[in-house]
Amino acid sequence: MSRSMEKIVALCKRRGFVFQNSEIYGGQNGFWDYGPLGTELKRNVRNVWYEDMVQSHNELLLQDGAPVKFQMVGLETSIIMHPQVWKCSGHYDLFHDMMVDCRETRGRYRLDQVRVRRVSCNEKTVPGQLDGTPPDSIRDGDQKEFEHVIVASTAEEFQEDLTAEALRVFGLKKKYADRVQWDGDATTLDRIAEADFAYVVAPGASRAGSFTAPREFNLMFKTIIGALGSSEDAAFLRPETAQGIFVNFRNVADSTRVKLPFGVAQIGKSFRNEITPRNFTFRSREFEQMEIEFFCHPEQSRDWYTWWRDHRYQWYQRLGISPDRLILRDHEASELAHYSVGTADIEYAFPFLEDGEYGELEGVAHRGNFDLRSHMEGKLAKNDNGELEVEQDEQGQPVHRGSGKDLSYFDDQSRERFVPHVIEPSAGADRATLAFICEAYHEDAQPDEHGKPQERTVMKFHPRLAPVKAAVFPLIKKEGMPEKAAEIFGELKAAGLNCHYDQQGAIGRRYRRQDEIGTPFCITVDGDTASDNTVTLRDRDSLEQIRVGADRIVQEISDRLKV
RNA sequence: GCGGGUGUAGCUCAGUGGUAGAGCACCACGUUGCCAACGUGGAUGUCGAGGGUUCGAAUCCCUUCGCCCGCUCCA
């Protein structure tokens, strides 16, 4: 059995699951379109998630292993939000940087974090590129010796480190530190002219001019609000749907009579300017998230975290993902975001990864009260004691002001007021869809009409996810079979089931066509149907056929879809 | 972002300067009638895009875009 990504991608295109975006114009890196079958599949992924998490969740029953009963509600917030949302959430500061790369050491630095200082040394020079050559157009052979250079450091003790760098680039021993002649004070890289980059020796680099021109790294998509909008009207396309839930916490709590603990679920598009979109739809710049923010009492939050982590891990398995290819990985303490008490990834062994490597499908994060507090008080940062407090500028003002609105919760049973803690199971709809596609892909050998084994490609989608639920065939194109098959097809459609009708070509070929798109059931009207009103029902995976009364077929299919 | 590979029919690919091809798939008719392989006929391409060299470019050169692999990056 071969599960190569190449074959899966080819099938996705051939049968209309996934197309390259704007393909006729040469494509657009990081963006993908879903074809007719992919649209059905992804819609099923979203619907199954929403049904399982929200619509069929029974708040009157205690869920297996859950600390207490809880409620779940849905929300749909807009993609563009007030710019302050992203300042308080921390995305603005973390995403909006001028960066330079060193072509020699392959280091990448934030422009404002690189300390630089002009320096020279009598009779010593540093190799670099031709005077005035823009750093991006250096060719080998354009080399030249510089008497004056600019050394760089990212160390916290930058004064000492700049000296060390100067000695290093001039090839001097430590005791000759007094031979180095400084020209002006240390400054940061963003304060020197780009033309002078030719003289900058990057940390650890052997020659000057290895930095690229500064580039703005903004992982958030910028947009302009208003037809006459200028740059002051800049806004962002959300990089996650979660913030829409946090800023509506008060609204949801006030309008629905929900009591803690409760979860708010949202499905929607998000956008990130990924540096390297790759691996088919896995890392896309426009993608869809299925997120839950679960609000609970701080004392219960750790129990809820493990419950949600395990609960979500089970969900993928119930929909057919093999535990052999699915792992639950707890983050190391060093991997945790600054606000997080614990995070686990649910990861899948995608075929484009090496053996033993996994790609993230969903992150389940314990976010503490970071988000609600940030939107109340302003952007938070950890102080020296490791506690979160509002980040302040030199004047003691908040770097990013919060809403000032009270987002705490009053528990009228315990008469207690507190800011809820949040557990965030955040799943990628496109990644889940891709995982279900990869997991479904099978090649096997099935005997043909002569009993000879023939290769078969079959997508073994879980029936709830399968884009087409059933196909209806007349065995032959005459003797009233097409009419009877069309009648059954009509009944299935009327029951809301996405079905195919096919009378084209040999019956075996029609079965194989359905196998390749993962249709779990095929219904065939044959010569016996006219006399006893039964049809054959063929199972995709076992190839078994049973006879079912034509008047029971809709019920039979519906039952089999509720696995 | 860097390096390597690659792009020709819906799909898989052949075609190294001289009339754009094959297999599969697709459509029509006939045949067979429960697991893709029958017959006859049919439609299918700005050879990824733009520019250049040439009498002539899928083929050579330059630029650009996508995809794949490795490195880098990934709040």
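Letters go in sequence order (proteins before strands), and every chain restarts at 1.
Of the candidates E291(A), R312(A), E293(A), E291(A) is the only one forming a side-chain hydrogen bond (donor to acceptor under 3.5 Å, both in side chains) with S426(A). Residue K484(A) is tested with D526(A), T529(A), N533(A) for a side-chain hydrogen bond (donor to acceptor under 3.5 Å, both in side chains); the sole match is N533(A).
Taking the salt bridge (Lys or Arg N to Asp or Glu O under 4.0 Å) definition, one finds that R540(A) meets it with nothing, sequence neighbours left out. Taking E377(A) as the reference, R373(A), L380(A), V390(A) meet the side-chain contact (heavy atoms from CB on, under 4.5 Å) condition, with sequence neighbours excluded. Listed by chain and number, the residues in a ring pair (Phe, Tyr, Trp, His ring centres under 6.0 Å) with F352(A) are F282(A), F350(A) (sequence neighbours excluded). Under the side-chain hydrogen bond (donor to acceptor under 3.5 Å, both in side chains) criterion, K13(A) pairs with E23(A), sequence neighbours left out. Partners of E40(A) under the side-chain hydrogen bond (donor to acceptor under 3.5 Å, both in side chains) rule, at least two apart in sequence or in another chain, do not exist in this structure.
Residue pairs meeting the side-chain hydrogen bond (donor to acceptor under 3.5 Å, both in side chains) criterion with at least one member in residues 471-480 of chain A, sequence neighbours excluded, do not occur. Screening residues 509-544 of chain A for ring-ring contact (aromatic ring centres under 6.0 Å, His included) gives F473(A)-Y511(A) as the qualifying pairs, with residues at least two apart or on separate chains.
Base-pair partner of rU54(B): not found among the strands shown (Watson-Crick or G-U wobble, both distances under 3.5 Å). The partner of rU19(B) is absent, by the rule that a Watson-Crick or G-U pair needs both atom distances under 3.5 Å. Under the Watson-Crick and G-U wobble criteria, each requiring two contacts below 3.5 Å, nucleotide rG70(B) is paired to rC2(B). The partner of rG10(B), taking Watson-Crick or G-U wobble pairs whose two distances both stay under 3.5 Å, is rC24(B). Pair assignment for rC38(B) gives rG30(B), based on Watson-Crick or G-U wobble hydrogen-bonding distances that are each under 3.5 Å.
Proximity of Q20(A) to the phosphate of rC65(B): no side-chain N or O atom is located under 4.0 Å from OP1 or OP2.
With both ends at atom P, the span from rC34(B) to rA43(B) equals 34 Å, rounded to whole Å. Taking atom P in both rU63(B) and rC27(B), one finds a spacing of 45 Å when rounded to whole Å. One P atom belongs to rA22(B), the other to rA9(B), and the distance between them is 14 Å to the nearest Å. Comparing the P positions of rC68(B) and rU32(B) gives a spacing of 48 Å, expressed to the nearest Å. For the C1' atom pair drawn from rU8(B) and rC55(B), the interatomic distance equals 25 Å after rounding to whole Å. As rounded to the nearest Å, rA25(B) and rU40(B) have P atoms that lie 15 Å from one another. When the P atom is compared between rU54(B) and rC65(B), the two are found 28 Å apart, to the nearest whole Å. For rG70(B) and rC60(B), the C1' atoms lie 29 Å apart once the distance is rounded to whole Å.
At least one side-chain heavy atom of I557(A) sits less than 4.5 Å from a side-chain heavy atom of L537(A).
If you check rG33(B), rC35(B), rC69(B) against the side chain of R538(A), the one that comes closest is rC35(B). Comparing rC35(B), rC69(B), rC67(B) by their nearest atom to the side chain of W32(A) picks out rC67(B). Minimum atom distance to the side chain of Q545(A) is reached by rC34(B), of the listed rC69(B), rC34(B), rA36(B).
Among the heavy atoms of the strands lying under 4.0 Å from F280(A) are primed sugar atoms or P, OP1, OP2 only; no base atom is included. Residue contacts shown for D526(A) include a base, since a base heavy atom lies under 4.0 Å away. In this structure, R513(A) reaches the sugar-phosphate backbone alone: every heavy-atom distance under 4.0 Å involves primed, P, OP1 or OP2 atoms, never a base.
Straight-line distance from the CD atom of Q514(A) to the C1' atom of rC34(B): 15 Å, rounded to whole Å. Rounded to whole Å, the distance from NZ on K478(A) to P on rC29(B) is 13 Å. If you take OH of Y511(A) and C1' of rG33(B), they are 11 Å apart, rounded to a whole angstrom. Spacing between atom CZ of R15(A) and atom P of rC26(B) amounts to 9 Å, rounded to whole angstrom units. Taking atom CZ of residue F352(A) and atom P of nucleotide rG70(B), one finds them 11 Å apart after rounding to whole Å. At whole-Å resolution of the value, NZ in K477(A) and P in rC27(B) are 10 Å apart. Taking atom CZ of residue R285(A) and atom P of nucleotide rC73(B), one finds them 17 Å apart after rounding to whole Å. Taking atom CZ of F473(A) as the reference point, atom P of rC35(B) lies 13 Å away to the nearest angstrom.
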N/O-N/O pairs, protein side and nucleotides 6-13 of chain B side, under 3.5 Å:
residue : atom : partner : partner atom : Å
rC11(B) : OP1  : K13(A)  : NZ           : 2.6

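Comparing G30(A) and E240(A) along RNA chain B, the residue whose closest nucleotide (by nearest heavy atom) sits nearer the 5' end is G30(A). Each of V525(A) and Q504(A) was matched to the nucleotide of RNA chain B holding its nearest heavy atom; the match closer to the 5' end belongs to Q504(A).
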Worked check of side-chain contact (heavy atoms from CB on, under 4.5 Å) between T457(A) and Y441(A): CA-CA 7 Å; T457(A) 300; Y441(A) 188 89; 3.7 Å; yes

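Judged purely by atom type and a 3.5 angstrom limit, D345(A) has no side-chain atom pairing as donor or acceptor with the backbone of H331(A).
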So if I define the base as every atom that isn't primed, P, OP1 or OP2, how would nucleotides 38-43 of chain B read as a B/S/- string at a heavy-atom cutoff under 4.0 Å? ------

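With hydrogens and angles ignored, a donor-acceptor pair under 3.5 angstrom links the side chain of R283(A) to the base of rC74(B).
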